[in-house]
2 protein chains.
Amino acid sequence: MVTAEASQERADSRRKRLRLIEAARSAIAEHGLQASTTDIVERAEVGVGTLYRRFGSKEALVADVLIDGLAEIQTWADAALIDADPWAALSGFLYAFTEAQLANLGLAEFTSGQARELPPEVAEHGSLLAAAIDRLVRRAQEHGSLRADVTWRDLVLISIAPIGGEECLGATRGENQWRRTITIALDGLRAPAASALPPE
Amino acid sequence: MVTAEASQERADSRRKRLRLIEAARSAIAEHGLQASTTDIVERAEVGVGTLYRRFGSKEALVADVLIDGLAEIQTWADAALIDADPWAALSGFLYAFTEAQLANLGLAEFTSGQARELPPEVAEHGSLLAAAIDRLVRRAQEHGSLRADVTWRDLVLISIAPIGGEECLGATRGENQWRRTITIALDGLRAPAASALPPE
DNA sequence: CAGTAACGGAGAGCATCTCTCCGTTCGGAG
DNA sequence: CTCCGAACGGAGAGATGCTCTCCGTTACTG
């Protein structure tokens with residue numbers, strides 16, 4: 001998405017297109033998928049007209065940015081799948097996935113299903129990622145380190161668990177607060193399970 | 001808050017005031033703290049004027065509703081504190097607290113600090129509740145059933161963990177999905193701890 | 001240098017929200 | 001039952017914020 005086909009794109013045009021994508025990424029990370037076009041073009045230091053000439057709609061730009069983010073996480077999941085230690089691969093991926101969502105509110109909104117009316121292409125990338133997480137889960141279960149009764153859905157839910165608690169009950173949110181939550185959950189994910197899970 | 005001092009309030013006036021509070025409760029539960037006045041008065045089947053004559057502002061009505069909700073949860077925490085089994089008391093409270101927030105989006109927003117510009121009275125009720133949860137945590141730790149390195153903050157973060165995942169990655173959200181997440185977390189909270197938590 | 005692709009940003013047009021104002025209704029005391 | 005004023009309903013003022021279009025201006029490139 002970020003890479004363009006080597007057409008006769010004018011140099012300034014290309015520069016501003018890349019600036020727009022980067023600006024959209026940071027605006028969406030901070031304010032979520034409904035970050036305003038005004039916010040995006042101010043960060044990019046371009047006019048609104050430029051955004052609409054290049055992308056046609058705000059939705060198309062948002063989709064580009066989301067797909068970029070999902071593709072990056074996909075590479076992490078794929079790398080984890082060839083890690084020698086299935087438990088370390090799973091837990092490392094879980095920390096990274098959570099951190100990515102904490103750093104990018106838009107991504108967290110997509111993961112938790114709050115996204116509205118996105119192009120089907122985005123959903124496809126989401127499904128690919130879900131499949132990779134499913135493989136990670138099964139591999140760790142076959143290895144015997146992950147409790148047998150969890151599914152990829154449980155993993156994804158745990159990954160977004162710390163999102164809502166960013167600034168909680170007046171607490172000065174520490175850098176490490178989310179790591180504590182994930183660590184507790186990972187302890188609960190270890191085999192053997194201490195108690196039975198309710199059915200899905 | 002719901003109960004009025006026995007003044008010479010006209011019967012119809014009292015009826016509509018109670019209807020407004022109940023309507024606000026359900027609107028806030030469904031749409032969060034920024035539920036619109038229009039939504040509230042339609043549920044209550046009264047005019048907007050009635051809302052503003054009785055409560056002065058939307059914010060005052062929202063605060064009333066929030067305080068009611070917090071007070072109810074406070075009674076659960078207080079009851080848990082005199083339960084004979086500290087672990088059962090803690091885990092039972094955690095399930096109930098989470099369920100209450102799932103059933104009331106506004107409450108979840110307040111807990112996770114997304115509330116803006118609420119009267120200080122609401123924050124005071126939040127602090128009272130936090131103190132009660134702190135006592136629940138310490139009691140279970142002294143009893144030896146809860147790992148020693150968690151705090152009330154960890155508990156609150158876990159309680160709001162399932163909120164974001166209501167409808168996740170296209171999954172048809174099951175009634176029990178949140179219970180699975182909480183159960184996994186509780187298994188991770190049991191003493192002895194499998195791994196050390198990062199410092200707060 | 002000329003031609004034209006790309007640009008900037010004012011503002012149209014729409015949606016939505018809170019709160020006010022005032023003519024109307026109706027509860028309840030005498 | 002009558003009557004008075006407390007309580008009511010809801011149109012709409014006024015504010016904000018959003019996406020997207022249009023067109024005069026700028027500046028890249030052959």
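- With A/Ile160 as reference, A/Thr111 is the one residue of A/Leu102, A/Leu107, A/Thr111 to meet the side chain to side chain contact (heavy atoms under 4.5 Å, CB included) rule.
- One can place CD of A/Glu59 at 9 Å from P of D/dC20, the figure rounded to the nearest angstrom.
- Looking at A/Arg179 and A/Glu99, a side-chain N of the basic residue comes within less than 4.0 Å of a carboxylate O on the acidic one, giving a salt bridge.
- Summary of the strand contacts: B/Ala11 and B/Lys58 both lie near DNA chain C, and taking for each the nucleotide with the nearest heavy atom, the more 5' one is attributed to B/Lys58.
- Regarding A/Glu42, its CD atom lies at a distance of 11 Å from the C1' atom of C/dG9, rounded to whole Å.
- With rounding to whole Å, A/Arg43 atom CZ is found 20 Å from C/dG8 atom C1'.
- When all heavy atoms of B/Pro198 and A/Thr183 are compared, the pair lying nearest together is CD-OG1, 3.9 Å.
- Rounded to whole Å, the distance from OH on B/Tyr52 to C1' on C/dC17 is 8 Å.
- Side-chain N/O atoms of B/Arg10 and base N/O atoms of D/dA7 include no donor-acceptor pair closer than 3.5 Å.
- Residue side chain A/Arg53 does not reach the base of C/dA6 through any donor-acceptor N/O pair under 3.5 Å, judged by distance alone.
- Counting non-hydrogen atoms under 4.0 angstrom, B/Val46 reaches the backbone sugars and phosphates but no base.
- The residue among B/Gly56 and B/Arg15 whose nearest nucleotide of DNA chain C lies closer to the 5′ end is B/Gly56.
- For B/Val48, the listed nucleotide lying nearest its side chain is C/dC19; candidates were C/dC19, D/dA7, C/dT18.
- The side chain to side chain contact (heavy atoms under 4.5 Å, CB included) with B/Ile184 is formed by just one residue from the set A/Leu155, A/Ile184, A/Leu189; it is A/Leu189.
- Note on A/Thr37: a side-chain N or O is less than 4.0 Å away from OP1 or OP2 of D/dT19.
- The phosphate of D/dG9 (OP1 or OP2) has a side-chain N or O of B/Thr50 nearer than 4.0 angstrom.
- Here D/dC8 is the nucleotide among D/dC20, D/dT29, D/dC8 with the atom lying nearest to any side-chain atom of B/Lys16.
- Taking atom CG of B/Asp39 as the reference point, atom P of C/dC19 lies 16 Å away to the nearest angstrom.
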